[in-house]
Amino acid sequence: SNITSGEEDWLGYSTRGRLRVRRVGLEESLNERWKAGQDVQTEGVLMNDDDIRPTPRLIALMVNTWLTAPHALVGVLTRVAQPGWYSYNGRWKFHNFMLPRILALHGRYFQLYNQGALREARDYVRDQEAHCDDVVLNLLNAKYGDGTKILVDKAFWNADAKDLKDDGGITNVNGQNRKQLRLECLTHLRKLFGLKNMPGCSLA
């Protein structure tokens, strides 16, 4: 993987040496996203994909919300994931699945993701083509946290998050329907974790 680390500017914002920045290349699999954070020294981590440029106001809202519930997943993009059902529809009032494209979370999740007991789950993420690392994260939140997921108010981020689009488009992966692959992901990984479903999330 391609990992760089240091006290440097982040997304064009000056960190003034007060923010530890880590950039991760995902050439091998999305497991790399979590492997890179195993030695995180801070309690809180703000992670985002490189095609998203959050504004300082959005960052402040996410971090301040996370500080009120340090073991929650605090994010902007959600899904509905239940046995036999996976929805991309962002209009649902109920959500129980948080995407890590932009997320505030506790550093402990990186250690949990890389624990020896999850080797089979990580192998599945590596081999399956539907970006299933987020399924593992949400199941970790349900099993080892209290299941809390906090959605930052969409009325706020729609005006404030540049390049943040959530069209929920259903695409094909090597001729297979991605939504069906996601359902397979959920079914397989829920069994590995011994969980029937995931708790819902609240609105910040």
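We count residues from 1, following the sequence as given. All values below were derived from every heavy atom in this structure, side-chain atoms included, with hydrogens, water molecules and symmetry-related copies excluded.
Sorted by first and then second residue, the disulfide (SG to SG under 2.5 Å) pairs with a member in residues 52-82 form an empty list; sequence neighbours excluded. Applying the disulfide (SG to SG under 2.5 Å) test to every pair with at least one member in residues 95-152, sequence neighbours left out, gives these pairs: C132-C185.
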Practice task
Dump the intermediate steps for side chain to side chain contact (heavy atoms under 4.5 Å, CB included) on F97 and T78, then the final yes or no.
Solution key: CA-CA 5 Å; F97 194 95; T78 58; over 6 Å; no
Problem - Check against salt bridge (charged side-chain N to carboxylate O under 4.0 Å, His left out), R33 and D49 - result: CA-CA 10 Å; R33 186 205 301 265; D49 288 358; 3.1 Å; yes
Practice task
Apply side chain to side chain contact (heavy atoms under 4.5 Å, CB included) to the pair R108 and Y113, showing each step before the final yes or no.
Solution key: CA-CA 9 Å; R108 179 170 177 255; Y113 191 100; over 6 Å; no
Practice task
Kindly indicate, with the supporting measurements, whether the criterion side chain to side chain contact (heavy atoms under 4.5 Å, CB included) is fulfilled by R182 and Q128.
Solution key: CA-CA 9 Å; R182 297 286 280 176; Q128 216 255 18; over 6 Å; no
Practice task
Would you check, one step at a time, whether the test side chain to side chain contact (heavy atoms under 4.5 Å, CB included) holds for V45 with Y109?
Solution key: CA-CA 10 Å; V45 176; Y109 282 104; over 6 Å; no
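H71 is linked by a side chain to side chain contact (heavy atoms under 4.5 Å, CB included) to H106, counting only residues two or more places apart in sequence or in another chain.
Within the 4.5 Å cutoff, no side-chain heavy atoms of L103 are placed close to those of V74. You'll find the side chain of M98 stays beyond 4.5 Å of the side chain of L77, heavy atoms only. The closest side-chain heavy-atom distance from M62 to I102 is below 4.5 Å. Looking only at side-chain heavy atoms (C-beta outward), V125 and H131 stay at 4.5 Å or farther from each other. Between L195 and K143 the shortest side-chain heavy-atom distance falls below 4.5 Å. Side-chain contact check for L73 versus I150: every heavy-atom pair is 4.5 Å or farther apart. Using a 4.5 Å cut-off on side-chain heavy atoms (C-beta onward), R119 and Y124 make no contact.
Between V76 and L151, the shortest heavy-atom contact is O-CD1, 3.4 Å. Contact detail for K149 and N96: the closest heavy-atom pair is CE-O, 3.2 Å. Closest approach of W34 and M47 over heavy atoms only: CH2-SD, 3.8 Å.
No side-chain N or O of N114 forms a donor-acceptor pair with one of K35 less than 3.5 Å apart.
Around the CD atom of Q115, the shell of radius 6.0 Å holds more than 12 heavy atoms that belong to other residues, nucleotides or ligands.
Rounding to the nearest 0.5 angstrom, the gap separating the CH2 atom in W66 from the CG atom in L105 is 8.5 Å. Taking CG of L137 as the start and CG of L189 as the end, the distance is 12.0 Å to the nearest 0.5 Å.
Remark: D127 does not engage R122 in a salt bridge, criterion side-chain N to carboxylate O under 4.0 Å.
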